[in-house]
Amino acid sequence: GCMILREDILSELEKELGDLLADAPANLSESALKSIQAESIGYAEHVLNALTTQELQSAGAYNRFVESTLAHARMKMHWR
């Protein structure tokens with residue numbers, strides 16, 4: 001099958017995070033949003049590095065990964 005590359009996954013995630021943060025509560029400052037995005041991408045990279053290429057090839061694992069990263073960002077949004 002075709003390789004799913006970490007870069008592709010991260011850019012897809014950044015897009016999703018951007019959409020998510022665009023809907024953030026109005027009381028969140030720009031800097032809070034930037035920090036949530038940075039933390040979420042950092043978290044994503046950490047998780048990605050732990051996954052084997054084999055695991056990345058699995059669509060199920062990939063979707064769970066994206067979901068958990070977005071859930072993580074959503075949680076942070078509501079803690080601020």
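We count residues from 1, following the sequence as given. Everything numeric in this text was worked out from a predicted model, so none of it was measured.
Every pair passing salt bridge (charged side-chain N to carboxylate O under 4.0 Å, His left out) that includes a residue from residues 27-38 is listed here, sequence neighbours excluded: Glu30-Lys34. Sorted by first and then second residue, the ring pair (Phe, Tyr, Trp, His ring centres under 6.0 Å) pairs with a member in residues 20-42 form an empty list; sequence neighbours excluded.
In terms of heavy-atom proximity, Ala32 sits nearest to Leu28 at CB-CD2, 4.1 Å.
Under the side chain to side chain contact (heavy atoms under 4.5 Å, CB included) criterion, Leu21 pairs with Leu33, Ile36, Gln37, Met77, sequence neighbours left out. Remark: Glu12 pairs with Lys15 by the salt bridge (Lys or Arg N to Asp or Glu O under 4.0 Å) rule, at least two apart or across chains. For Glu14, the side chain to side chain donor-acceptor pair (under 3.5 Å) criterion is met by no residue, not counting sequence neighbours.
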Output a table of donor-acceptor pairs, distance under 3.5 Å, between side-chain atoms of residues 65-75 and any protein atom two or more places apart or on a different chain; print 'none' if there are none.
from	atom 1	to	atom 2	distance (Å)
Ser68	OG	Arg64	O	3.4
Ser68	OG	Phe65	O	3.0
Thr69	OG1	Phe65	O	2.9

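With 3.5 Å as the limit, one finds a donor-acceptor pair spanning the side chains of Glu39 and Ser35.
Atom CD1 of residue Ile9 and atom CG of residue Leu48 lie 5.0 Å apart, to the nearest 0.5 angstrom.
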